[in-house]
Structure formats: structure tokens, C-alpha cells
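The next block holds one structure in the form of C-alpha cells; read it before the comments.
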Amino acid sequence: LHRLIRRQRQMCIRDRVSNLIDKYGLGNFRNSKPTELSGGMRQRVALIRTLALDPKILLLDEPFSALDFQTRLNVCDNVSEIISNEEKTAILVTHDIAEAISMSDRILVFSSRPAKLRAVHRIELTVGNTPLSRRNSPEFKDYFDMIWKEIDHDEQ
């Protein structure tokens with residue numbers, strides 16, 4: 001019975017992965033090697049691999065740090081869309097203030113070691129529905145400056 005349940009679970013996961021690969025534009029690369037994929041594609045594959053198990057919460061720890069700036073902006077939009085479409089909650093760990101503001105509805109700022117919660121900011125941007133377009137919101141700079149001062153103050 002345990003083997004049957006495990007086999008059914010594996011088949012469900014395989015089907016889910018196949019659907020996600022097609023849904024997020026990677027169907028033509030199904031049999032490609034990682035070295036044959038762009039950085040953005042590798043990020044989407046990594047996210048799909050995580051989503052295969054259907055977690056309630058995703059932990060994204062510096063997910064874009066290895067990407068060049070232009071790719072980072074595009075992948076940020078892609079990842080945000082996937083998280084939204086799959087109706088997941090994500091915790092994004094980043095040192096990039098602009099990335100945090102553009103992707104988040106709430107930012108927690110921690111002090112240096114030992115880490116202590118320093119501030120919580122609810123992010124309410126009036127422009128855009130993607131991380132890239134949200135950067136054009138008039139409030140964006142105010143959030144950036146406020147968080148920068150908190151971090152700069154923490155370093156002193």
C-alpha cells in the first residue's frame with residue numbers, strides 16, 4: 001500500500017511539473033541540459049522544481065543574485081507572475097532594496113548580527129502591477145530612502 005501511494009504521489013508530481021513547464025514557456029526545452037538554458041530559464045526551472053511539491057510558502061534566498069541587472073529585472077517579473085498565478089506566499093531574502101520594494105507588499109528590516117527586527121514597512125505603490133513597472137511609482141523613492149537610512153544607521 002505504501003509503495004502504491006508513493007507511486008501515485010510521484011505520478012502526480014510528474015504531471016504537475018509537466019504542466020508547469022508548459023504553462024511557463026519551457027515546454028520546448030523539456031529535454032535540454034541546464035547549460036543550454038539562459039539564466040532566466042534556469043531560475044524558472046528552479047521555481048517549478050520547488051512548486052512541484054505544492055508548498056504553501058516559498059523561501060527565496062537571494063534568488064536573482066547570480067544574474068546580470070537586465071536579466072534580473074526580467075526574471076523578477078517572471079517569478080512574481082508565477083508566484084501570483086500559483087497563489088503562493090513567498091518570503092524573499094535580499095540585500096537589494098529596490099528589488100524588495102518592487103516585489104513585496106511588506107518588508108521586514110533586520111539589524112546586523114545578531115539579527116533583530118528593526119522595522120516593518122507595508123508597501124503600497126500606486127503605479128504598476130509587475131515589479132519592473134512598480135519601480136515607476138512615485139512612492140518608490142520614499143520607501144527606498146527610508147529603508148536605506150535604516151540600514152545605513154544600522155551599519156554605524
Side-chain angles (χ1 to χ4, degrees), residues 6 8-110 115 117-151:
R6 191 169 76 220
Q8 285 178 327
R9 179 167 162 71
Q10 287 172 342
M11 287 175 23
C12 286
I13 291 171
R14 205 171 290 132
D15 289 345
R16 182 167 167 71
V17 168
S18 183
N19 290 336
L20 289 168
I21 285 171
D22 290 337
K23 185 177 183 178
Y24 295 111
L26 297 170
N28 293 337
F29 301 92
R30 186 178 307 277
N31 297 314
S32 299
K33 296 176 183 173
T35 56
E36 298 170 335
L37 302 176
S38 69
M41 291 172 151
R42 284 195 297 267
Q43 287 301 109
R44 278 187 276 163
V45 168
L47 186 55
I48 287 168
R49 189 176 56 224
T50 302
L51 290 169
L53 299 175
D54 199 22
K56 291 188 183 342
I57 298 175
L58 301 172
L59 176 60
L60 306 175
D61 188 4
E62 298 280 356
F64 314 116
S65 61
L67 303 174
D68 64 81
F69 187 70
Q70 184 175 359
T71 302
R72 179 180 222 159
L73 292 175
N74 289 327
V75 172
C76 200
D77 277 0
N78 293 148
V79 168
S80 179
E81 178 187 10
I82 293 169
I83 290 168
S84 178
N85 287 346
E86 299 303 316
E87 299 179 346
K88 298 298 177 186
T89 296
I91 297 172
L92 172 67
V93 177
T94 183
H95 290 88
D96 186 325
I97 298 169
E99 184 177 274
I101 296 166
S102 69
M103 287 193 73
S104 304
D105 58 10
R106 191 171 359 152
I107 295 177
L108 283 65
V109 178
F110 289 89
L117 183 60
R118 188 173 192 75
V120 177
H121 300 280
R122 280 205 135 342
I123 305 299
E124 296 177 11
L125 301 174
T126 56
V127 172
N129 57 357
T130 66
L132 184 58
S133 63
R134 288 170 48 107
R135 290 171 182 250
N136 294 319
S137 185
E139 307 85 6
F140 188 90
K141 183 182 181 326
D142 296 332
Y143 283 117
F144 189 97
D145 291 345
M146 182 172 31
I147 293 169
W148 176 263
K149 285 177 187 168
E150 289 172 354
I151 291 171

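Any value given below was found using the heavy atoms of this structure, including those in side chains, with hydrogens, waters and symmetry copies removed. Residue numbers run from 1 in the order of the sequence given.
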Determine whether a donor-acceptor pair (N or O, by modelled atom type, separation under 3.5 Å) exists between the side chain of [X] and the backbone of [Y].
X      : Y      : result
Arg135 : Phe140 : no
Arg134 : Met103 : no
Arg118 : Ile151 : no
Asp77  : Thr130 : no
Tyr143 : Ala98  : no
Ser102 : Leu132 : no
Lys88  : Pro55  : yes

Validation row: [X], [Y] side chains within 4.5 angstrom (heavy atoms):
X     : Y     : result
Arg44 : Phe29 : no
Asn85 : Tyr24 : yes
Leu58 : Glu86 : no
Lys56 : Thr89 : no
Met11 : Arg14 : yes
Leu60 : Ile83 : yes

Looking at [X], I want to see if its [atom1] is surrounded by more than 12 non-hydrogen atoms of other residues, nucleotides or ligands under 6.0 Å.
X     : atom1 : answer
Lys23 : NZ    : yes
Arg30 : CZ    : yes
Asp68 : CG    : yes
Gln70 : CD    : no
Glu87 : CD    : no

Determine the sole option in Val75, Ile48, Ile82 for which the side-chain contact (heavy atoms from CB on, under 4.5 Å) test with Gln43 is passed.
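Exactly one candidate clears the test, Val75.
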Glu99 and its side-chain contact (heavy atoms from CB on, under 4.5 Å) partner, picked from Ile101, Asp96, Ile97
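Exactly one pass, corresponding to Asp96.
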Between the side chains of Lys149 and Asp145, is the shortest nitrogen-to-carboxylate-oxygen separation below 4.0 Å, so that they form an ion pair?
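The answer is no: the pair does not qualify as a salt bridge.
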Shortest non-hydrogen separation from Asp22 to Gly27 and the atoms involved
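That would be OD1-CA, 3.5 Å.
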